[in-house]
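These numbers were taken from a predicted model, which means no experiment stands behind them.
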Amino acid sequence: MNSLNQQYEEKVRPCIDLIDKLRSLGVEKDLALPAIAVIGDQSSGKSSVLEALSGVALPRGVGIVTRCPLELKMTRKKKGEAWYGKISYRDYNEELKKPSLVEKKIREAQDKLVGNGTGISNDLISLEIASPDVPDLTLIDLPGITRVAVSGQSEDIGEQIKRLIQNNIRKQETISLVVVPCNVDIATTEALRMAQQVDPEGERTLGILTKPDLVDKGTEENVVKIVHNEVIPLKKGYMVVKCRGQKEITEKVSLSEALKNEEAFFEEHAHFQTLFDEGQATVPKLAEKLTLELVHHIQKSLPRLDEQIQKKLKQTRANLDKLSNGPPSDAIERLGFLIDRVSAFTQDAISLTKGEELKCGYKSSIFSLLRGQFAVWREAIETSGTNCKIFGTF
Ligand code: GDP
Ligand code: MG
């Protein structure tokens, strides 16, 4: 079981169940469930973080790997039910037979949408996964921010990517994870600036430091300060995680093994051990923090949901009032009921031909309706009359 799921089961599940129940009662408009989006420079470790959180293998690597926004919609199934996957983009849909196909299919989709070069596209790839091992949650993987176009990319690639990211993190339901590797200067990260633009209060922005194993020797204390929120303060603060490096991927280290390695790494680290003790390190702790955010989000949305329900209730009552009682259960009474209905309808049909008031139906008077219609006809007749005259002079 992946990290996020465990937390999810205990804390978020009851909230989601409540919302599901409300929906099944007919609350039509979906309450937007929260999404988690990752933003950051190219190769900062965005896909790796999502992968560690979700347990779903995503394309990762060097250079521009994520070239379209990828929406990973996860739905939890009951225990024992089979894994289900579906990828869709533009008007293409395909069901996936097994989890190991996910990565390959995403790469294929990107190649089809953008060609197998280095460009990017706004087109969304949507991946639906239903399994007993995932939480009900949407994750969004976005292309990384680049400053310089490489050959084959259009000059304004940087701007294109920024626009795409902004569109995705603007939504109120989205929690942005700003991913920054430990071996770069956090003050210069564009991602942080962008997150602050759409979320100035910092209500839904979380800083994530990655690659602590690659930190420049001698700068460790600086990383500790960042995580302690002393360098660029964020309301929601920072976390540090270690994901699988290229070597571990090549050696096919599994996600669960990687979690064990991560824990050992922090526990033994001369500088980062304090962060581990304080609960600000590792993927499971990040999952815990995100869970709290999600619960918070749902709680905040409940009053809005209540409003929707009240509105719907009022409408339904009004509709019910318009209808009289239904057919009685007794067979003989039912016959009388039917006869009444049929004769009321016939009566209305007769009244209609005489222009009299109607008993059934919603419009009690047709006179005002007819007057309007007559005015339209009159105008039509008069204009066609004039036209005829003009015709006649020829
Ligand atoms: P993205 O472009 O931001 O999505 O970055 P990726 O998740 O694709 O990661 C880029 C590279 O960094 C991959 O080769 C990962 O294996 C590697 N990587 C990610 N996180 C870590 C980490 O914590 N430590 C190390 N050593 N490598 C990492
Ligand atoms: Mg990526």
Side-chain angles (χ1 to χ4, degrees), residues 1-38 47 49-59 66 68-106 109 124-142 168 171-175 177 255-256 283-284 286-288 290-302 304-305 308:
M1 206 189 246
N2 65 71
S3 311
L4 195 52
N5 200 26
Q6 258 167 19
Q7 288 295 320
Y8 216 89
E9 277 310 302
E10 291 163 26
K11 302 193 184 113
V12 188
R13 175 56 45 188
C15 294
I16 302 255
D17 282 347
L18 172 71
I19 288 173
D20 276 350
K21 242 186 231 161
L22 289 172
R23 269 201 206 125
S24 67
L25 289 175
V27 182
E28 266 164 7
K29 214 175 114 204
D30 268 10
L31 170 75
L33 285 176
I36 296 176
V38 283
S47 300
V49 170
L50 284 188
E51 185 184 76
L53 284 172
S54 67
V56 178
L58 300 172
T66 311
C68 307
L70 170 76
E71 179 192 55
L72 177 62
K73 270 192 193 163
M74 300 186 286
T75 320
R76 198 191 64 149
K77 281 180 131 185
K78 291 203 186 73
K79 278 219 164 11
E81 284 186 294
W83 186 90
Y84 169 87
K86 187 175 135 194
I87 188 166
S88 33
Y89 44 96
R90 287 199 192 141
D91 40 19
Y92 180 82
N93 288 296
E94 185 186 344
E95 276 192 23
L96 306 179
K97 296 260 173 333
K98 48 184 186 199
S100 55
L101 283 174
V102 167
E103 199 182 328
K104 181 170 154 255
K105 289 292 169 184
I106 295 174
L124 182 79
I125 300 176
S126 188
L127 183 68
E128 282 171 51
I129 287 183
S131 144
D133 300 327
V134 296
D136 288 285
L137 187 68
T138 302
L139 300 176
I140 303 166
D141 194 12
L142 294 166
N168 277 282
K171 296 179 197 123
Q172 287 305 316
E173 294 81 29
T174 306
I175 296 173
L177 302 186
L255 279 170
S256 54
V283 171
L286 169 61
E288 205 176 304
L290 282 175
T291 309
L292 290 178
E293 295 300 328
L294 295 172
V295 172
H296 180 70
H297 165 86
I298 292 175
Q299 282 168 347
K300 245 182 30 196
S301 322
L302 283 178
R304 212 172 54 210
L305 192 66
Q308 273 184 36

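- Closest heavy-atom contact between S126 and E71: OG-OE1, 3.0 Å.
- In this structure, the side chain of K77 does not engage the main chain of W83 through any donor-acceptor pair within 3.5 Å.
- Remark: E81 pairs with no residue by the salt bridge (charged side-chain N to carboxylate O under 4.0 Å, His left out) rule, at least two apart or across chains.
- You'll find the side chain of I129 stays beyond 4.5 Å of the side chain of L96, heavy atoms only.
- For the pair S47 and L58, the tightest heavy-atom approach, listed with the atom from each and the gap, is O-CD1, 4.0 Å.
- Under the side-chain contact (heavy atoms from CB on, under 4.5 Å) criterion, S256 pairs with S254, not counting sequence neighbours.
- The ring pair (Phe, Tyr, Trp, His ring centres under 6.0 Å) check on Y92 picks up Y89, with sequence neighbours excluded.
- Evaluated for a side-chain contact (heavy atoms from CB on, under 4.5 Å) with V49, the options L286, L139, D141 yield exactly one hit, L286.
- Closest heavy-atom contact between I125 and A109: CD1-CB, 3.7 Å.
- In terms of heavy atoms, G80 sits closest to P132 at N-CG, 4.1 Å.
- Legend: residues meeting salt bridge (charged side-chain N to carboxylate O under 4.0 Å, His left out) with K105, ordered by chain and number and at least two apart, are E94, E108.
- Put simply, the side chain of L72 does not reach to within 4.5 Å of the side chain of L50, judged on heavy atoms.
- If you take CG on L70 and CD1 on I87, they are separated by 7.5 Å, rounding to the nearest 0.5 Å.
- Considering all non-hydrogen atoms of both residues, V56 and V102 come closest at CG1-CG1, 4.0 Å.
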Could you walk me through whether K98 and L101 satisfy the side-chain contact (heavy atoms from CB on, under 4.5 Å) test, starting with their C-alpha distance in whole Å, then the side-chain angles of each, then the deciding distance to 0.1 Å, before giving a yes or no? CA-CA 6 Å; K98 48 184 186 199; L101 283 174; 4.1 Å; yes
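- The side-chain hydrogen bond (donor to acceptor under 3.5 Å, both in side chains) test applied to E128 returns no partner, not counting sequence neighbours.
- Once rounded to the nearest 0.5 Å, the distance linking CG of L255 with CG of L53 reads 10.5 Å.
- Crowding of K73 atom NZ: a count of heavy atoms from other residues, nucleotides or ligands under 6.0 Å not exceeding 12.
- S88 is linked by a side-chain hydrogen bond (donor to acceptor under 3.5 Å, both in side chains) to nothing, counting only residues two or more places apart in sequence or in another chain.
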